[in-house]
**Student:** 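One structure coming up, written as structure tokens, with questions to follow.
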Amino acid sequence: MNIAVNRQLGEAGAVRRVSHPDHEVVIIGAGISGIGAAIRLRNEGINDFLILERSSGVGGTWRDNRYPGIAVDITSFTYSYSFEQNPNWSRFFAPGHELQRYVERVAAKHAIYDKARFNVEVMNAGFDEVSHVWTIDLHDGTSVTARHLVSATGGLITAKRPDIEGLERFQGKVIHTAEWDDGIDLTGKRVAIIGTGATAVQLAPEIARKAARLDVYQRTPIWVLKKPDRQVPAWTRSLFRWSPLAQRAMRVGTDIGSETLMVIGAIYYRQFPWLVSFCEKAAISNMKDQLPGREDLWDKLTPHYGFLCKRPTFSNEYFSTFGKPNVDLVTTPIAQVTEGGIVTHDGMQRDIDVLILATGYKTFEKGNLPPYPVHGRGGREIGEYWDENRFQAYEGLTVHGFPNFYIMLGPYALIGTSYFKMVEGNAIHLTRCIAEAKRRGATAVEVRKSVHDAYFANILERQKNTVFLNHNCGGSNSYYFDKHGDAPMLRPSTSVEMLWRAKHLPMSNYTFSKCGLQGSVAK
């Protein structure tokens with residue numbers, strides 16, 4: 001029987017103390033990471049879990065992002081669950097709607113819908129140090145309790161809007177790419193795009209085909225390589241359906257390519273600077289091939305920071321878009337937005353009908369990861385802890401002072417090869433912790449402070465080899481960096497090391513305790 005006892009935790013609200021929580025595990029988020037964690041739990045025999053999702057369906061980023069031209073920028077053979085290969089990708093770099101359908105199929109196959117509650121927004125989570133239970137407060141005033149809490153909200157969930165004077169005065173249509181209006185027709189319109197990151201690289205060519213005029217406002221240019229994309233031949237799809245081994249072989253090949261470019265180049269830059277230099281030359285060649293004879297644009301479109309300081313991307317038509325007569329690249333800083341257009345610092349106003357904000361997302365910022373307050377021991381809020389002490393988490397997953405809490409995209413968690421690899425590694429890690437707690441009869445799992453601190457010190461030491469600290473990244477305006485000057489997005493290791501550690505790290509790195517008892521629970 002539940003014992004209802006309310007206890008104030010500062011601003012955290014009332015935490016419901018119970019003798020038996022509603023669920024053993026609550027997962028917040030039904031995107032790639034939430035689904036991956038749920039499947040791993042179920043495969044290990046941990047079935048008492050609930051997924052809370054603020055939207056009406058699964059998919060996360062691929063559900064929410066529907067702007068024209070959206071596609072993966074890592075080959076689909078790598079950008080997918082290793083245990084659920086899809087033999088039916090239409091292209092090497094699949095369009096976004098195929099990724100969304102893929103996630104939906106995986107969720108249905110593994111009966112995830114039966115374990116999910118949709119249109120439920122989490123407002124707060126607090127840990128009761130007496131009962132070792134998390135209370136998760138919901139937007140409708142109710143709450144759910146759990147022994148273990150998994151934050152799987154992802155990183156690209158909170159749109160970042162530019163701080164530009166007068167933006168609210170604009171009388172035309174304003175669209176952020178994360179909130180695309182499917183009903184808008186841009187044919188014959190005067191359109192402006194603010195931002196030239198990976199989203200704009202995909203979007204601009206599509207808009208240029210329809211708009212009467214397109215102005216692209218660039219603050220920081222982006223490194224863009226040729227995109228080795230093509231349709232997957234029908235015979236290849238048939239082969240993959242007949243022989244999953246053949247598709248696994250393809251995945252190994254694309255894994256190696258992605259690992260070499262996005263991991264070795266970034267993480268081991270000091271050891272392999274020639275790799276980054278080669279990619280820079282290839283990107284410049286790609287630009288010049290698409291814009292022959294346009295020296296007036298080459299310098300504007302060439303980054304003056306190192307390759308991989310911010311996420312590069314691939315395109316075979318982005319640069320050529322600026323050679324079209326209806327497209328203008330604007331590099332003069334924006335002064336203000338008026339009722340009818342945009343004024344730059346040189347005093348020129350360009351009138352527009354539609355303003356598209358391709359300004360990305362908040363990432364490692366207070367209030368975004370996670371996007372709700374999480375109060376651990378002593379009422380300490382995790383966002384405040386990171387804000388004061390720098391972003392840090394053991395293996396990118398657990399934080400000392402926050403027992404039974406696992407954040408799928410924690411500091412230094414993401415592997416450059418593929419988001420799916422990080423998800424699978426962290427799902428293995430958290431499932432081992434929960435299973436070990438069950439085996440010991442423990443009600444609380446917490447990474448040891450000495451282990452947590454030593455791991456972070458090692459991360460900072462490894463960072464010294466990365467491109468982030470060695471290749472003129474100061475002017476990149478990259479979301480890889482936080483307010484502390486750290487680069488907590490990417491884990492400074494290969495995916496092979498990450499997966500090995502997830503499977504083999506000693507459980508003695510954690511303390512296991514039982515509510516009502518002092519000290520650790522015996523092995």
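Nothing fancy with the numbering, it's 1 onward along the sequence.
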**Student:** So, does D482 use its side chain to make a donor-acceptor pair with the main chain of G485 at under 3.5 Å?
**Tutor:**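 Yes; at least one donor-acceptor contact below 3.5 Å.
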**Student:** Consider only side-chain N and O atoms of T153 and R54, and report whether a donor and an acceptor are under 3.5 Å apart.
**Tutor:**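 No, no side-chain donor-acceptor pair sits under 3.5 Å.
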**Student:** Taking all non-hydrogen atoms of both residues into account, name the closest pair between I32 and Y81 and its distance.
**Tutor:**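 For I32 and Y81, the tightest heavy-atom pair comes out as O-OH, 2.6 Å.
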**Student:** Can you check side-chain contact (heavy atoms from CB on, under 4.5 Å) on E424 and R40, steps first, answer last?
**Tutor:** CA-CA 8 Å; E424 293 188 35; R40 186 73 192 187; over 6 Å; no
**Student:** By the definition ring-ring contact (aromatic ring centres under 6.0 Å, His included), identify the one residue from F364, F391, F402, Y412 that meets it with W386.
**Tutor:** F391
**Student:** Under 3.5 Å, side chain of S285 to main-chain N/O of K281, donor-acceptor pair present?
**Tutor:**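 Not a single qualifying donor-acceptor pair exists.
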**Student:** Work out which heavy atom in L397 is nearest to a heavy atom in H429; give both atom names and the distance.
**Tutor:** CD2-CG, 3.4 Å
**Student:** With sequence neighbours excluded, tell me which residues meet side chain to side chain donor-acceptor pair (under 3.5 Å) with S238.
**Tutor:**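 Side chain to side chain donor-acceptor pair (under 3.5 Å) check on S238 returns R241.
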**Student:** Between Y79 and F420 (judged by ring centroids, cut-off 6.0 Å), do the two rings come close enough to count as a pair?
**Tutor:**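 When the ring centroids of Y79 and F420 are compared, they turn out to be within the sub-6.0 Å range.
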**Student:** Hey, are R63 and E104 close enough for a salt bridge, meaning a charged N less than 4.0 Å from a carboxylate O?
**Tutor:**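 Not counted as a salt bridge, because no side-chain N and carboxylate O are separated by less than 4.0 Å.
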**Student:** With side-chain contact (heavy atoms from CB on, under 4.5 Å) as the test, would you mind laying out the steps for I356 and L186 before giving the verdict?
**Tutor:** CA-CA 11 Å; I356 298 174; L186 298 177; 4.2 Å; yes
**Student:** Mind checking what makes ring-ring contact (aromatic ring centres under 6.0 Å, His included) contact with F319, not counting sequence neighbours?
**Tutor:** none
**Student:** Taking side chain to side chain donor-acceptor pair (under 3.5 Å) as the test, write out the residues that go with E339, two or more places apart.
**Tutor:** none
**Student:** About how many Å separate CE of M348 and OG1 of T332, when rounded to the nearest 0.5 Å?
**Tutor:** 9.0 Å
**Student:** Is the closest side-chain donor-acceptor distance between S418 and T78 under 3.5 Å?
**Tutor:**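 No pair is found: no donor N or O on one side chain lies under 3.5 Å from an acceptor on the other.
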**Student:** Pair I207, V354 - check side-chain contact (heavy atoms from CB on, under 4.5 Å), show working.
**Tutor:** CA-CA 11 Å; I207 302 302; V354 180; over 6 Å; no
**Student:** Between Q336 and R169, is there a side-chain donor-acceptor contact under 3.5 Å, judged purely by atom types and distance?
**Tutor:** yes
**Student:** Would a line drawn from the ring center of F92 to the ring center of F314 be shorter than 6.0 Å?
**Tutor:**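 No: the rings miss the under 6.0 Å criterion.
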**Student:** Under the side-chain contact (heavy atoms from CB on, under 4.5 Å) test against I51, which residue among V58, I112, V150 passes?
**Tutor:**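 Of the listed residues V58, I112, V150, the side-chain contact (heavy atoms from CB on, under 4.5 Å) partner of I51 is I112.
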**Student:** Do any N or O atoms from the side chain of S33 and from the backbone of A152 form a donor-acceptor pair under 3.5 angstrom?
**Tutor:**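 Flag set: sc S33 to bb A152 pair under 3.5 Å.
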**Student:** So, using side chain to side chain donor-acceptor pair (under 3.5 Å) as the criterion, who are the partners of E280 when residues are at least two apart?
**Tutor:** H471
**Student:** Which pair of heavy atoms, one from A393 and one from H452, lies closest together, and at what distance?
**Tutor:** CA-NE2, 3.8 Å
**Student:** Check for a donor-acceptor pair, side chain of Q85 on one end and backbone N or O of R251 on the other, with a separation under 3.5 Å.
**Tutor:** no
**Student:** Yes or no on side-chain hydrogen bond (donor to acceptor under 3.5 Å, both in side chains) for Y217 and T344, after CA distance, side-chain angles and deciding distance?
**Tutor:** CA-CA 10 Å; Y217 288 81; T344 47; over 6 Å; no
**Student:** Give the minimum heavy-atom separation between F93 and T75, together with the two atoms involved.
**Tutor:** CE2-N, 3.5 Å
**Student:** Look up atom CD1 in I267 and atom CD in E259, then write down how far apart they are to the nearest 0.5 Å.
**Tutor:** 9.5 Å
**Student:** Strictly by disulfide (SG to SG under 2.5 Å), give each pair with a member in residues 286-340 just once, sequence neighbours left out.
**Tutor:** C309-C473
**Student:** Please output the side-chain donor-acceptor pairs of residues 156-167 that fall under 3.5 Å, not counting sequence neighbours, one pair per line with the distance.
**Tutor:**
| unit_1 | atom_1 | unit_2 | atom_2 | d |
| --- | --- | --- | --- | --- |
| T158 | OG1 | N368 | OD1 | 2.7 |
| K160 | NZ | E365 | OE2 | 2.9 |
| R161 | NH2 | E179 | OE1 | 2.7 |

**Student:** Using a 4.5 Å cut-off on heavy atoms from C-beta on, say whether the side chain of T417 contacts that of I74.
**Tutor:**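 Not in contact.
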**Student:** So which atom in L225 and which in A282 form the shortest heavy-atom distance, rounded to 0.1 Å?
**Tutor:**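 Distance-wise, the nearest heavy atoms are CD2-CB, 3.9 Å.
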**Student:** Taking atom CZ of R501 and atom CD1 of I428, what is their separation to the nearest 0.5 Å?
**Tutor:**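 One finds 14.0 Å between CZ of R501 and CD1 of I428.
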**Student:** With a cut-off of 6.0 Å (strictly less than), are more than 12 heavy atoms of other residues, nucleotides or ligands near NZ of K189?
**Tutor:**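 It does: K189 NZ has more than 12 such atoms within range.
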**Student:** Pick one: which of N326, D351, D215, D353 meets side-chain hydrogen bond (donor to acceptor under 3.5 Å, both in side chains) with R190?
**Tutor:** D353
**Student:** Examine distances only and state if a side-chain atom of W298 and a backbone atom of M287 form a donor-acceptor pair shorter than 3.5 Å.
**Tutor:** no
**Student:** Counting C-beta onward and ignoring hydrogens, is there a side-chain heavy-atom pair between L301 and L291 closer than 4.5 Å?
**Tutor:**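 Sidechains of L291 and L301: in contact.
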**Student:** Passes side-chain contact (heavy atoms from CB on, under 4.5 Å), I459 versus Q392? Steps please.
**Tutor:** CA-CA 9 Å; I459 286 288; Q392 52 188 292; over 6 Å; no
**Student:** Output every pair passing side-chain hydrogen bond (donor to acceptor under 3.5 Å, both in side chains) with a member in residues 314-323, not counting sequence neighbours, ordered by first then second residue.
**Tutor:** R209-E317
**Student:** Hey, which of R213, K300, R350 is the one that makes salt bridge (charged side-chain N to carboxylate O under 4.0 Å, His left out) with D328?
**Tutor:** R350
**Student:** What pairs with D289 under salt bridge (charged side-chain N to carboxylate O under 4.0 Å, His left out), at least two apart in sequence or on another chain?
**Tutor:**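 Salt bridge (charged side-chain N to carboxylate O under 4.0 Å, His left out) list for D289, sorted by chain: K226.
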**Student:** Classify the side-chain pair E84/N86 by whether it contains a donor and acceptor separated by less than 3.5 Å.
**Tutor:**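 Per modelled atom types, E84 and N86 side chains form no pair under 3.5 Å.
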**Student:** So does R91 get a backbone contact from the side chain of Q231, meaning a donor-acceptor N/O pair under 3.5 Å?
**Tutor:** no
**Student:** Can you tell me if Y268 and T494 form a side-chain donor-acceptor pair at under 3.5 Å?
**Tutor:**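 Y268 vs T494: no donor-acceptor pair found between side chains.
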**Student:** Quick one: do the N477 and T220 side chains pair a donor with an acceptor below 3.5 Å?
**Tutor:**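 Per modelled atom types, N477 and T220 side chains form a pair under 3.5 Å.
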**Student:** With sequence neighbours excluded, what pairs up with K310 under the salt bridge (charged side-chain N to carboxylate O under 4.0 Å, His left out) test?
**Tutor:**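 So K310 forms no salt bridge (charged side-chain N to carboxylate O under 4.0 Å, His left out) with any residue.
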**Student:** Can you list everything that forms a side chain to side chain contact (heavy atoms under 4.5 Å, CB included) with A94? Sequence neighbours excluded, please.
**Tutor:**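 For A94 the side chain to side chain contact (heavy atoms under 4.5 Å, CB included) partners, ignoring immediate neighbours, are S76, W89, E98, L99.
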**Student:** Answer yes or no: is there a donor N or O on one side and an acceptor on the other, between the side chain of N426 and the main chain of M408, under 3.5 Å?
**Tutor:** yes
**Student:** Run the side chain to side chain donor-acceptor pair (under 3.5 Å) test against S56 and tell me which residues pass, sequence neighbours left out.
**Tutor:** none
**Student:** When you measure from the side chain of T466 to the backbone N and O of Q463, does any donor-acceptor pair fall under 3.5 Å?
**Tutor:** yes
**Student:** Around F278, counting heavy atoms of other residues, nucleotides and ligands shown, do more than 12 lie under 6.0 Å from its CZ?
**Tutor:** no
**Student:** Any side-chain to backbone donor/acceptor pair from D387 onto G383? Under 3.5 Å, distance only.
**Tutor:** no
**Student:** Heavy atoms, side chains only, cut-off 4.5 Å: are F468 and L308 in contact?
**Tutor:** no
**Student:** Identify, with sequence neighbours excluded, every residue that meets salt bridge (charged side-chain N to carboxylate O under 4.0 Å, His left out) alongside K173.
**Tutor:**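 Expected list: D181.
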